[in-house]
Amino acid sequence: MVESREFEGKTVEEAIDKACRELNLKREQLQIDVITSGSSGIFGIVGTRKARIRVSPKEMLPDDQVKLAKEVLENILNTFDVPVVVEGSVKNDQIYLDIISNGSGLFIGRRGQTLDALQYIVNKIVKKEISRCLPIVVDSENYRERRKKSLVDLAKQLGRKARKSSKPVASSPMNAHDRRIIHLTLKKEKGVRTKSKGEGAFRKVVVFPVRKGNSTRGGAQGSSSRKDPPQAGRDE
Amino acid sequence: MLKELIEYIAKALVDNPEQVEVSEVEGEQTSVIELRVAKEDLGKVIGKQGRTARAMRTILSAASTKIRKRAVLEIIE
């Protein structure tokens, strides 16, 4: 739905109507370029030409995206029966929604699972409305930053343990975002190498010690891990 | 209000919001929220490996702790 498409009609108006119907978008949401405006020719017989237009979904301004995302989150939270305010802004190419409430942690949940659920649902609803949208981050009481800090600490601890014991050390299962922070933190550290293992909700990060004098990635202990190509992007 | 919560989310996710039906069966301690959607929208409210359904259940249980109750979301085929 992101790419542009062409439509035909007897008149430009008719072509636009057709485009709206087929793409299931409102006229305001479309970027319309007229290729040829139709002509009915002489008496509608000689020289009739169809109107051709090219349309693509219009990109929404970041400020409008924030407004929409904020509205969706507010609609969800207003059913909660708790006084709550949502503040929206654009931060590092992301839409940042901050839930301000009584500070009970109600919207954070155990290990941020309520925040993650809200974030997932809001992203899904907004993506349905506008196909090209900045990623939305839902936060409350600065939880995301605090969580990041504790994950960085955890990563360093796992790294130390792996180096000291010369044995692979596994983290507890965690989601993709949390694993990414572990991978990125240990990428800079020498003497260890990281890899994700396990399936679905049980996926965890394993930290391998790297033998001395061989600090390149992939030079880890154990013959099984040597066969694996160094995976940089996808796994992190 | 638990009903409104699920109703809003479900209507915003599906292609046929007019076919979304939510009913609440209230018990003493537990409420059962029943969600019915059009057949072709079933996948939208369940999501890949049940991710959307799980997210809705998580939000629902957060909302229900506020009123000291337990809530269960049933998606009815």
Side-chain angles (χ1 to χ4, degrees), chain A residues 1 21-25 68-84 97 99 101-131 133 136 138 140-141 143 175-177 199-203, chain B residues 1-26 29 31-35 37-38 40-75:
Chain A
M1 226 168 80
R21 267 202 312 278
E22 277 193 36
L23 295 171
N24 204 11
L25 289 169
L68 177 66
K70 185 174 169 254
E71 208 179 280
V72 170
L73 184 59
E74 276 170 347
N75 282 338
I76 294 173
L77 299 183
N78 282 340
T79 62
F80 265 62
D81 220 17
V82 179
V84 59
L97 298 178
I99 304 172
S101 189
N102 55 8
S104 63
L106 172 70
F107 299 110
I108 297 176
R110 220 180 92 241
R111 277 208 182 187
Q113 62 171 359
T114 308
L115 272 188
D116 288 340
L118 288 168
Q119 180 171 307
Y120 174 76
I121 294 282
V122 173
N123 266 296
K124 232 175 161 195
I125 293 174
V126 175
K127 285 259 156 66
K128 192 172 154 58
E129 203 81 9
I130 31 174
S131 48
C133 176
I136 301 162
V138 177
S140 182
E141 297 164 35
Y143 176 80
N175 66 31
H177 173 260
E199 285 300 314
F202 302 108
R203 213 160 155 77
Chain B
M1 47 165 253
L2 297 179
K3 196 180 139 195
E4 278 88 63
L5 171 67
I6 294 303
E7 196 171 332
Y8 172 75
I9 296 178
K11 281 192 172 162
L13 287 173
V14 300
D15 289 331
N16 308 294
E18 70 285 350
Q19 287 189 54
V20 171
E21 268 179 60
V22 185
S23 56
E24 186 171 357
V25 183
E26 272 190 81
Q29 279 164 15
S31 268
V32 181
I33 313 284
E34 294 180 332
L35 170 63
V37 297
E40 56 270 31
D41 284 329
L42 210 52
K44 294 228 166 64
V45 291
I46 295 173
K48 209 193 274 170
Q49 295 190 322
R51 200 171 167 193
T52 310
R54 204 185 324 134
M56 281 199 284
R57 290 193 172 112
T58 305
I59 299 170
L60 184 67
S61 40
S64 58
T65 52
K66 197 62 210 157
I67 51 167
R68 298 173 182 283
K69 251 194 169 178
R70 272 172 47 80
V72 181
L73 173 66
E74 298 251 12
I75 298 167

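As the structure is a computational prediction, the values presented were derived from the model and not from experiment. The chains referred to below are lettered A, B, ... by the order of the sequence lines, with proteins before strands, and numbering in each begins at 1. Basis for what follows: all heavy atoms, side chains included, without hydrogens, waters or symmetry-related copies.
The parts of A/F80 that come within reach of chain B are both its backbone and its side chain, each placing non-hydrogen atoms under 4.5 angstrom from that chain. Both the backbone and the side chain of B/R51 come within contact range of chain A, with heavy atoms under 4.5 Å apart. Neither the backbone nor the side chain of A/V122 comes within less than 4.5 Å of any heavy atom in chain B. Heavy-atom distances place both the backbone and the side chain of B/T52 under 4.5 Å from chain A.
Note that the CG atom of A/L118 and the OG1 atom of B/T58 stand 9.0 Å from one another [nearest 0.5 Å]. In this structure, CD1 on B/I9 lies 6.0 Å from CD1 on A/I125, to the nearest 0.5 angstrom. Here A/D81 contributes atom CG and B/I67 contributes atom CD1; the two are 8.0 Å apart, rounded to the nearest 0.5 Å.
By number of non-hydrogen pairs under 4.5 angstrom with chain B, the leading residue of A/V72, A/D116, A/L77 is A/V72.
Nearest heavy atoms, B/V14 versus A/K128: O-CE, 3.2 Å. Residues B/K44 and A/K124 come closest through the heavy atom pair O-NZ, 4.0 Å. Across all their heavy atoms, A/A117 and B/A55 have their closest contact at CB-O, 3.5 Å. Taking each heavy atom of B/A62 and A/L106 in turn, the nearest pair found is O-CD1, 3.4 Å.
Other residues, nucleotides and ligands place more than 12 heavy atoms under 6.0 Å from the NZ atom of A/K127. For B/E18, the CD atom sits in a packed shell: over 12 heavy atoms of surrounding residues, nucleotides or ligands are nearer than 6.0 Å.
In this structure the side chain of B/K3 never reaches within 4.5 angstrom of the side chain of A/T79, judged on heavy atoms.
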